[in-house]
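Written out below as structure tokens is the structure these notes cover.
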Protein chains: 2
Amino acid sequence: MQVDELPTPALLVERSALRANLDTMSAALPGERLRPHVKAHKCTSLARWQRDNGHPGFTCATIREAEALAAAGLGGDLLLANEVLDASRLGRLVAGGARVTVAVDSRETIAAAVTGGVREVLIDVDVGLPRCGCPPEKAGELADLARRSGLEVRGVMGYEGHLMLVQPAEDRARMTREAMALLTGAAARVGGDVISAGGTGTYRDNTWATEIQAGSYALMDTAYTALGHPFEQAVWLLGTVISMSPGDNGGHAVVDVGLKALGMDHGPPTIPGAQVWFCSDEHTTFAPGELGLRVGDRIRLAPAHVDPTVVLHEAIYLVDGDRVAERWPVDMRGW
Amino acid sequence: MQVDELPTPALLVERSALRANLDTMSAALPGERLRPHVKAHKCTSLARWQRDNGHPGFTCATIREAEALAAAGLGGDLLLANEVLDASRLGRLVAGGARVTVAVDSRETIAAAVTGGVREVLIDVDVGLPRCGCPPEKAGELADLARRSGLEVRGVMGYEGHLMLVQPAEDRARMTREAMALLTGAAARVGGDVISAGGTGTYRDNTWATEIQAGSYALMDTAYTALGHPFEQAVWLLGTVISMSPGDNGGHAVVDVGLKALGMDHGPPTIPGAQVWFCSDEHTTFAPGELGLRVGDRIRLAPAHVDPTVVLHEAIYLVDGDRVAERWPVDMRGW
């Protein structure tokens with residue numbers, strides 16, 4: 001099938017760019033040094049490529065992601081890097097043979113792990129992002145409580161998510177060092193051999209974590225591209241130009257890719273060579289510049305934030321230039 | 001089933017609020033005066049309630065919506081209020097007995113309707129929203145072309161989407177009058193008996209359209225609630241408080257409803273009684289104020305924009321207070 005035969009909007013991934021991104025990251029963080037985060041692509045077919053690149057474990061944000069990975073035979077070492085109050089579905093995965101570790105940051109989440117039948121945990125530590133995680137000085141107490149409750153404490157996690165897009169790079173490196181000082185301090189009190197942290201933004205700076213939870217590097221988006229890391233834009237939205245309006249300065253054009261096909265929390269998408277005006281439900285209005293477009297032409301848009309873009313699509317079309325190589329279901333959506 | 005047994009995040013609709021919203025709108029715009037837009041709820045079960053309230057026709061934004069409505073036996077008079085370059089799937093609906101009218105604003109979209117087997121069109125007119133639609137003065141020519149091409153031209157449409165949230169109300173009314181002067185002028189040149197326009201924001205002001213394409217009124221969101229129209233917030237996100245952090249001014253709490261469960265183009269959600277700080281993929285961080293929350297408590301969030309929120313969910317849970325009455329699949333997602 002040719003790319004131009006796909007109904008639009010369609011989520012495309014360039015196979016060569018994906019391949020290059022995976023290989024670049026696997027060279028930098030081989031084997032267990034990388035625990036790929038699947039929240040950025042939600043696709044077990046893509047996760048299998050990551051596993052085949054030498055990474056045995058995965059990071060998940062939702063129970064559904066863990067279930068889908070286990071069902072796909074990728075459940076050898078799953079980390080749910082998030083707190084849950086009902087761990088019963090995770091316990092069923094453990095009973096079924098998957099290895100599941102869950103983050104805990106409170107008495108209640110420790111109790112939920114025990115009740116649900118999850119046997120391994122990481123103590124989630126607040127390293128500066130105002131979200132989940134206990135204060136670093138409380139991590140030892142929580143680890144003791146978890147062990148008294150019968151849980152295996154594998155170590156700590158602490159996500160420096162607030163630092164991923166910090167510029168310039170020197171500031172990001174310094175702030176990552178400061179955040180990881182909190183985490184390694186907590187790790188000394190907690191014990192275990194896992195220090196799980198990091199992401200695509202800090203994968204080179206964060207030399208304290210034993211494993212990096214990067215996800216966006218595989219597909220990329222315009223926010224991460226701005227960092228200048230050695231990863232290519234691999235995911236694109238394919239759209240059809242459905243309307244052209246003459247006007248001052250070349251008028252405007254409309255493509256059938258709107259905010260129901262794009263995560264919008266980082267702003268509108270980018271159309272190379274054109275200027276995007278705004279998105280509505282099923283449309284992006286843009287100034288076509290010198291693109292010489294006509295109604296019916298197909299164009300590609302780069303999303304500003306990959307994670308919430310992918311979840312809006314049933315499938316990824318893996319493409320080699322103009323040819324569709326494979327259709328990969330986005331099979332980890334929902335909760 | 002009780003609401004508190006649902007896994008979170010979950011999309012809840014209060015049955016009494018939905019019922020009231022539908023009845024209020026049907027009293028204001030009975031029968032064919034309202035052509036409910038399904039893009040705001042994407043749910044054929046809800047569309048059936050609208051049909052049962054006396055509205056025989058529906059407005060769609062995507063081909064998938066039209067297909068799902070037809071499959072649900074609701075295809076008596078479907079308007080695809082959008083341009084398409086491949087109308088073959090719509091033509092199959094027509095061949096299967098559905099009535100389908102499609103918007104056209106160019107030679108190319110007229111040709112697509114003919115080729116695809118759609119026999120009825122509306123001329124889409126630009127009334128000020130920089131998106132699709134031909135200039136008003138070109139509408140007559142396009143209608144002539146469509147008729148020469150063998151199409152039935154039922155009339156015009158022109159969506160004043162840029163005016164939906166204008167405040168104060170007097171400005172919105174005046175600007176709607178000006179926009180509809182363009183549309184009625186075009187209608188005189190086009191012929192036919194349909195003037196399709198309007199939405200929840202302008203449903204009272206727009207007395208020129210023969211049918212109003214309102215959709216958001218059924219479920220509502222915080223952007224539309226701010227207008228003071230007589231519709232209640234009917235849709236909520238149910239979440240579980242998964243983490244609480246002490247700190248200055250009461251610290252912060254985290255609920256497991258994030259930007260993968262919420263359309264973000266109108267900004268973050270609202271938590272009654274609390275102050276939302278920010279959303280990340282699977283979390284909303286907020287100051288809990290005087291809510292007296294504990295880890296494990298369940299709370300409700302109101303979305304800022306209903307349309308892109310609903311598409312992130314597999315199902316709507318219709319609830320009566322604490323009881324789940326029905327599970328409605330969100331069965332019009334995708335394209």
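All chains are named by letter (A, B, ...) in the order of the sequence lines, taking the proteins before the strands, and each is independently numbered beginning at 1.
Interface summary for chain B: among A:Arg107, A:His283, A:Lys39, A:His313, the most heavy-atom pairs under 4.5 angstrom belong to A:His283. Interface summary for chain A: among B:Asp86, B:Asp105, B:Asp256, the most heavy-atom pairs under 4.5 angstrom belong to B:Asp105. Among B:Pro246, B:Cys132, B:Pro130, B:Pro308, the residue with the largest count of heavy-atom pairs under 4.5 Å with chain A is B:Pro130. Ranking B:Lys260, B:Glu83, B:Met264 against chain A, the residue ahead of the rest is B:Lys260, based on heavy-atom pairs under 4.5 Å.
Rounded to the nearest 0.5 Å, atoms CD (A:Glu282) and CH2 (B:Trp335) are 6.5 Å apart. Summarising the geometry, atom CG belonging to A:Asp126 is positioned 6.0 Å from atom NE2 belonging to B:His252; distances are rounded to the nearest 0.5 Å. Taking CG of A:Leu129 as the reference point, atom OG1 of B:Thr285 lies at 7.0 Å (rounded to 0.5 Å). Annotation: the span from A:His162 atom NE2 to B:Ser280 atom OG amounts to 12.5 Å, rounded to 0.5 Å. Atoms CG and CZ, from B:Asp265 and A:Phe278 in turn, are 12.0 Å apart once rounded to the nearest 0.5 Å. Distance check: B:Ser106 OG to A:Arg294 CZ gives 11.0 Å after rounding to the nearest 0.5 Å.
Proximity to chain B is absent for every atom of A:Asp124, based on heavy atoms less than 4.5 angstrom apart. For A:Ala112, no part sits under 4.5 Å from any heavy atom of chain B, backbone or side chain. Neither the backbone nor the side chain of A:Lys138 has a heavy atom closer than 4.5 Å to any heavy atom of chain B. Proximity to chain B (any heavy atom under 4.5 Å) is restricted, for A:Thr62, to the side chain, taken from C-beta onward. Contacts of A:Arg64 with chain B are made by side-chain atoms alone, with heavy-atom separations under 4.5 Å and no backbone atom involved. Neither the backbone nor the side chain of A:Pro268 comes within less than 4.5 Å of any heavy atom in chain B. Of the two parts of A:Asp307, the backbone and the side chain both hold a non-hydrogen atom closer than 4.5 Å to a non-hydrogen atom of chain B. Heavy atoms closer than 4.5 Å to chain B are found in both the backbone and the side chain of A:Val295.
Enclosure of atom CD in B:Gln275 is not indicated, since only 12 or fewer non-hydrogen atoms of other residues, nucleotides or ligands lie within 6.0 angstrom.
The shortest heavy-atom contact between A:Leu85 and B:Gly296 is CG-CA, 3.8 Å.
Proximity of B:His37 to A:Asp281: side-chain heavy atoms (C-beta onward) are nowhere separated by under 4.5 Å. Residues B:Ile242 and A:Thr109 have side chains not in contact (no heavy-atom distance under 4.5 Å, counting atoms from C-beta outward).
A donor and an acceptor atom, one from each side chain of A:Arg131 and B:Ser243, are nowhere located under 3.5 Å apart.
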